[in-house]
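Whatever order the structure lists ligands and atoms in, that order sets their numbers, starting from 1. Basis for what follows: all heavy atoms, side chains included, without hydrogens, waters or symmetry-related copies.
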Amino acid sequence: MLHSKIVGAGHYLPERVVTNKDLESLMDTSDEWIRERSGIEERRFATFGVDTTANMGTKAARIAIERAGMTPDDIDFIVFATLSPDYYFPGPGVTVQKELGIKTVGALDVRNQCSGFIYGLSVADQFIKTGMYKTILVIGSEIHSNGLDLTTRGRGVSVLFGDGAGAVVLQAEQDTTKGILSTHLHSEGEFSDVLCVKAPGNFKEVKFYPGMLEDFDMIAPVMDGQLVFKNAITRFGEVITEALDANGYKKDDLDMLVVHQANLRICQFLQRQMRLPDEKVYNNIQKYGNTTAATIPIILSELWEQKRIKPNDLYMLAAFGSGFTWASALIRW
Ligand code: ACO
């Protein structure tokens, strides 16, 4: 059976930098609180009229395609992961197909929040393994800033999120010792209300109900932060071990751990638990906050730019988020 290999990675970040100090003027918060609890120093916010979820994904995709030494015409299929689409429907996958000028290839939209990119990668990997497609573009892109409650009422969530996009090109690989070795996907819907945005939605008799715009617990993200934190730590550990065990590796075999950037404290806890040295983990939440489905491909693109990815390196990707959903992917470059 074929394997799939990442042959290019790219990312795009909106130009507007929003520091913790900037947020202090919008709500009762402090640079100290945000840094201490989350590690975040600044994030990017999209500019209306310039950035959309789809066009940020397209910009990241163009870079990934160029780094793969390809053109958009080489792409057989598109997978787009986001929780913040431009339209309620259709999803942004088709917009990317139009913006890249690719003929009528399929475009699939994935909505698994922070785990969305790894879920998308896994779907793409299955298509390549079965021989259905040879070259697949996998994108994660988010504009959170447009839907956050940037007042004191929403501060427990809104200080954590930022906007951005990342993309990779996956290609069929004959050498089965290389590429994506395995992916592992999980969910626990029992916790679907713990981190969510509910409205507008069909859980109400009338989707757009009177007073909806003032109903901030429905239209802005709500989160039980401590419950999410505790579950994240447990599930990350489990899904990383699952990927190592499935392939007969130990944590010391890893060259890099790329963990979804939800909170620097979670990433540091995992690093300590796995006893990994600093050079084997990569965190960028300090600069971008939590960019949900975009986080992991942004990191892959930054590592690509810095030429830190070496042939034969063993990479662990892991994510946890709303749903709850969690996932891992083990990659041999
Ligand atoms: N500024 C100042 N004070 C604040 C802020 C803020 N931005 N936000 C909350 N506070 C206050 C609270 O009101 C509370 O005050 P009180 O003690 O007077 O009641 C106090 O700070 C402590 O609040 P907690 O929520 O208990 O703070 P905690 O230490 O749990 O940190 C945090 C909160 C950072 C959200 C943490 O719980 C966390 O990171 N959780 C995990 C997040 C995560 O992993 N999300 C998953 C991915 S997201 C996705 O999938 C879309």
Query - Partners passing side chain to side chain contact (heavy atoms under 4.5 Å, CB included) against Lys198 (at least two apart in sequence or in another chain) - result: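 Checked Lys198 against side chain to side chain contact (heavy atoms under 4.5 Å, CB included); matches are Asp193, Cys196, Phe203, Met218.
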Query raised in the report: Within a radius of less than 6.0 Å around CD of Glu15, do more than 12 heavy atoms belonging to other residues, nucleotides or ligands occur?
Result: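 For Glu15, atom CD is not crowded (no more than 12 foreign heavy atoms under 6.0 Å).
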Query - Residue of the set Thr19, Thr291, Asp22, Asn20 for which side chain to side chain donor-acceptor pair (under 3.5 Å) holds with Arg43 - result: Asn20
**Report entry** Steps toward salt bridge (Lys or Arg N to Asp or Glu O under 4.0 Å) verdict (Glu36, Arg265)
**Finding:** CA-CA 9 Å; Glu36 244 172 45; Arg265 307 294 159 241; over 6 Å; no
Under a 3.5 Å threshold, I'd like every N/O contact between ligand 1 and protein atoms, with atom names and distance.
residue	atom	partner	partner atom	Å
ligand 1	1 (N)	Thr29	OG1	2.7
ligand 1	3 (N)	Trp33	NE1	3.3
ligand 1	7 (N)	Thr29	OG1	3.2
ligand 1	7 (N)	Arg155	O	3.2
ligand 1	13 (O)	Arg155	NH2	3.2
ligand 1	21 (O)	Trp33	NE1	3.2
ligand 1	26 (O)	Gln226	NE2	2.7
ligand 1	27 (O)	Arg37	NH1	3.2
ligand 1	29 (O)	Arg37	NH1	2.7
ligand 1	30 (O)	Gln226	NE2	3.3
ligand 1	37 (O)	Gly225	O	3.3
ligand 1	39 (O)	Asn263	ND2	2.5
ligand 1	40 (N)	Gly225	O	3.0
ligand 1	50 (O)	Ser322	N	2.8

Query raised in the report: Mind checking what makes ring pair (Phe, Tyr, Trp, His ring centres under 6.0 Å) contact with Phe191, not counting sequence neighbours?
Result: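 Listed in chain order: Phe324.
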Going by atom type alone, with no hydrogens or angles, which donor-acceptor pairs under 3.5 Å involve a side-chain atom of residues 57-81 and a protein atom two or more places apart or on another chain?
residue	atom	partner	partner atom	Å
Thr58	OG1	Ala54	O	3.1
Thr58	OG1	Glu99	OE1	2.5
Arg62	NH2	Glu99	O	2.9
Arg67	NH1	Ala9	O	2.8
Arg67	NH1	Ser301	OG	3.2
Arg67	NH2	Glu305	OE2	2.9
Thr71	OG1	Asp73	N	3.4
Asp74	OD2	Thr71	N	2.8
Asp76	OD2	Lys134	N	2.7
Asp76	OD2	Thr135	N	3.0

